Amino acid sequence: MLQIVIPAYNEENRLPRTLRELRRFVRDHRARLGAVEVIVVDNASTDATAALAAAADCRALPVRVLSCATRGKGAAVAAGIAATDADVVAFMDADGATHLDALLESTRLMALGVDVAIGSRAASGSDTAARHSRLRESGARRYRALTGRIVPGISDTQCGFKVFRGDVARTAFADLRTAGFSFDVELLARVQRSGARVVEFPVQWADVPGSTFEPLRHGAGAFLNLAVIAWQLRVVPAGVSGVETSLAPSSALSQLAAEA
């Protein structure tokens, strides 16, 4: 069985369409995907997100709705993963920005022995259509440069489509400390350090209007989260060995920036 976690905060406008498309896709590819359940985690929404998600529940695609009062995408996904028991689990964004063909490729990789398959907009063969501002693009480039120091070898930590072996996901999320948008970085760092086999694969991705991430409002917090993650995981700068680091978060960010 495959269980898919979808975190949702005030997604009454985008989530219903995503669930409809997901239901059709699962129905059309049942032979390859097998049984699929969706777990929508309502992250303290103030609109009709939870009610609309519950209304989408049907035999073709069971939808379970959980409530997570702790704000933050990382907290919501962690709550959803904790409620899973399947051999293969995934999480995807409520906006459906990643084409659902990623489900077929990720499950193929799982069958080949991969532990974590992550959709990547930077992998060769990806197809992306974005409508981001110059500010957001500039921030994203800097962010990717810094994440490369924490999770070397992974070119796109933030694409909202990731699939895991169930035990790998539940173990990694149980230790997760980052509640906000940067949780993917800590998560991937933890699975890398556990020895899990992580593979990026190209996806078709299109920006969907209505994102709750605002660069001016959330950008500084996302970069600060990187510093905290680096400090918590004691990231050692490139070229330095045999040194136990004990950097404060502010120093960790400066060190990462210098190495980027």
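Keep in mind the model is a prediction, meaning the values are calculated, not measured. Note that the numbering runs from 1 along the sequence shown for the chain.
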Asker: Is it the case that Ser182 and Tyr143 place a side-chain donor and acceptor less than 3.5 Å from each other?
Answerer: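 Note: Ser182 and Tyr143 side chains meet the donor-acceptor criterion.
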
Asker: Give the minimum heavy-atom separation between Val65 and Ala54, together with the two atoms involved.
Answerer: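 The pair with the smallest heavy-atom distance is CG2-N, 3.6 Å.
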
Asker: Is Val5 close to Val89 at the side-chain level, that is, under 4.5 Å between some pair of heavy atoms?
Answerer: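 Val89 vs Val5: side chains apart.
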
Asker: One pair to check against salt bridge (charged side-chain N to carboxylate O under 4.0 Å, His left out): Arg197 and Asp115. What are the steps and the verdict?
Answerer: CA-CA 5 Å; Arg197 183 182 176 194; Asp115 296 309; over 6 Å; no

Asker: Measuring from Gln158:CD to Asp93:CG, what's the distance to the nearest 0.5 Å?
Answerer: 10.0 Å

Asker: Do Thr171 side-chain atoms and Val168 backbone N/O form a donor-acceptor pair below 3.5 Å?
Answerer: no

Asker: I'd like to know if the side chain of Gln204 and the backbone of Ala102 have a donor-acceptor N/O pair within less than 3.5 Å.
Answerer: no

Asker: Answer yes or no on whether Arg142 is positioned over the face of Phe223, meaning its NZ or CZ is under 6.0 Å from the six-membered ring centre and within 45° of the axis.
Answerer: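 No, cation not above the ring by the 6.0 Å, 45° rule.
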
Asker: Evaluate Val151 against Arg193 for side-chain contact (heavy atoms from CB on, under 4.5 Å), listing each step before the verdict.
Answerer: CA-CA 9 Å; Val151 282; Arg193 291 173 180 222; over 6 Å; no

Asker: Determine whether the side chains of Arg144 and Ser155 contain a donor N or O and an acceptor N or O closer than 3.5 Å.
Answerer: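 No pair is found: no donor N or O on one side chain lies under 3.5 Å from an acceptor on the other.
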
Asker: Regarding Asp85 and Arg170, does a basic nitrogen lie under 4.0 Å from an acidic carboxylate oxygen?
Answerer: no

Asker: Donor-acceptor pair, Arg165 side chain versus Met110 backbone, under 3.5 Å?
Answerer: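 Yes, Arg165 side chain to Met110 backbone: donor-acceptor pair under 3.5 Å.
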
Asker: Check whether any side-chain heavy atom of Val38 lies under 4.5 Å from a side-chain heavy atom of Arg23, and answer yes or no.
Answerer: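 Not in contact.
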
Asker: Are any of the side-chain heavy atoms of Tyr9 and Arg71 separated by less than 4.5 Å?
Answerer: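 Yes; the side chains approach each other to less than 4.5 Å.
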
Asker: Tell me the closest heavy-atom pair linking Ala53 and Leu15, and the distance in Å.
Answerer: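 So the minimum-distance heavy-atom pair works out to CB-CD2, 4.0 Å.
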
Asker: Can you find a pair of side-chain heavy atoms, one from Val88 and one from Met1, that are under 4.5 Å apart?
Answerer: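 Heavy-atom side-chain distance check fails, nothing below 4.5 Å.
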
Asker: For the residue pair Cys68 and Asn43, what are the closest heavy atoms and their distance?
Answerer: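 Shortest heavy-atom separation between Cys68 and Asn43 comes out as O-ND2, 3.1 Å.
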
Asker: Do you know which two heavy atoms are closest between Leu176 and Gly74, and how far apart they sit?
Answerer: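 So the minimum-distance heavy-atom pair works out to CD2-O, 4.2 Å.
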
Asker: Got Leu103 and Leu2 here, is their nearest side-chain heavy-atom distance under 4.5 Å?
Answerer: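 Heavy-atom side-chain distance check passes, below 4.5 Å.
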
Asker: Using 0.5 Å steps for rounding, measure from the CG atom of Asp87 to the CD atom of Gln3.
Answerer: 9.5 Å

Asker: Kindly compute the distance separating OG (Ser126) from CH2 (Trp205), expressed to the nearest 0.5 Å.
Answerer: 11.0 Å

Asker: Drop me the distance from Leu188's CG to Ile154's CD1, to the nearest 0.5 angstrom.
Answerer: 4.5 Å

Asker: Ion pair present between Glu37 and Arg64, side-chain N to carboxylate O less than 4.0 angstrom?
Answerer: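 A salt bridge is present here (some side-chain N lies under 4.0 Å from a carboxylate O).
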
Asker: Measuring only between side-chain heavy atoms, which start at C-beta, is Val41 closer than 4.5 Å to Ile6?
Answerer: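 No - every pair of side-chain heavy atoms lies 4.5 Å or more apart.
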
Asker: With distance as the sole test, does Thr18 use its side chain to make a donor-acceptor pair with the main-chain N or O of Ala94 at under 3.5 Å?
Answerer: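 Yes, because the side chain of Thr18 sits within donor-acceptor range (under 3.5 Å) of the backbone of Ala94.
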
Asker: Cys159 versus Glu200: any side-chain heavy-atom pair under 4.5 Å?
Answerer: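 When only atoms from C-beta onward are counted, Glu200 and Cys159 do not touch, as no gap falls below 4.5 Å.
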
Asker: Do Thr84 side-chain atoms and Ala86 backbone N/O form a donor-acceptor pair below 3.5 Å?
Answerer: no

Asker: When you look at Val199 and Ile118, which way does the side-chain contact (heavy atoms from CB on, under 4.5 Å) test go after all the steps?
Answerer: CA-CA 6 Å; Val199 172; Ile118 61 175; over 6 Å; no

Asker: Would you compute the distance between atom NE2 of His29 and atom CG of Leu100 and round it to the nearest 0.5 angstrom?
Answerer: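 Here the interatomic distance stands at 9.5 Å.
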
Asker: Verify the distance criterion only: is there a donor paired with an acceptor across the side chains of Glu12 and Thr49 at less than 3.5 Å?
Answerer: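 Glu12 vs Thr49: no donor-acceptor pair found between side chains.
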
Asker: State the CG-CG distance between Leu52 and Asp42, to the nearest 0.5 angstrom.
Answerer: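 Here the rounded value is 10.5 Å.
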
Asker: For Arg20, enumerate each residue passing the side chain to side chain donor-acceptor pair (under 3.5 Å) test, keeping only those at least two apart in sequence or located in another chain.
Answerer: none

Asker: Could you tell me whether the side chain of Val36 reaches within less than 4.5 Å of the side chain of Phe25, counting heavy atoms only?
Answerer: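 The answer is no; the side chains never approach within 4.5 Å.
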
Asker: Using the rule that Ile, Leu, Val, Met, Phe, Trp and Tyr join whenever any side-chain heavy atoms are under 4.5 Å apart, tell me whether Leu104 and Val203 fall into a single cluster.
Answerer: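 Yes, because Leu104 and Val203 connect within a single hydrophobic cluster, where side-chain heavy atoms sit under 4.5 Å apart.
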
Asker: Which pair of non-hydrogen atoms, one from Leu19 and one from Ala56, has the smallest distance, and what is that distance?
Answerer: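 Looking at all heavy atoms of both residues, the closest pair is CD1-CB, 3.7 Å.
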
Asker: Which of parallel (below 30°), tilted (30 to 60°) and perpendicular (above 60°) describes Phe91 and Phe183?
Answerer: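 Correct class here is tilted.
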
Asker: Please confirm whether the backbone N or O of Val63 pairs with a side-chain atom of Asp57, one donor and one acceptor, at under 3.5 Å?
Answerer: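 Yes; at least one donor-acceptor contact below 3.5 Å.
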
Asker: Closest approach of Ser45 and Asn10, non-hydrogen atoms and distance?
Answerer: OG-N, 2.8 Å

Asker: Would you say Glu105's side chain and Phe201's backbone share a donor-acceptor pair under 3.5 angstrom?
Answerer: no

Asker: Using atom types as modelled and distance alone, determine if a side-chain donor or acceptor of Asp156 lies under 3.5 Å from a backbone N or O of Arg121.
Answerer: yes

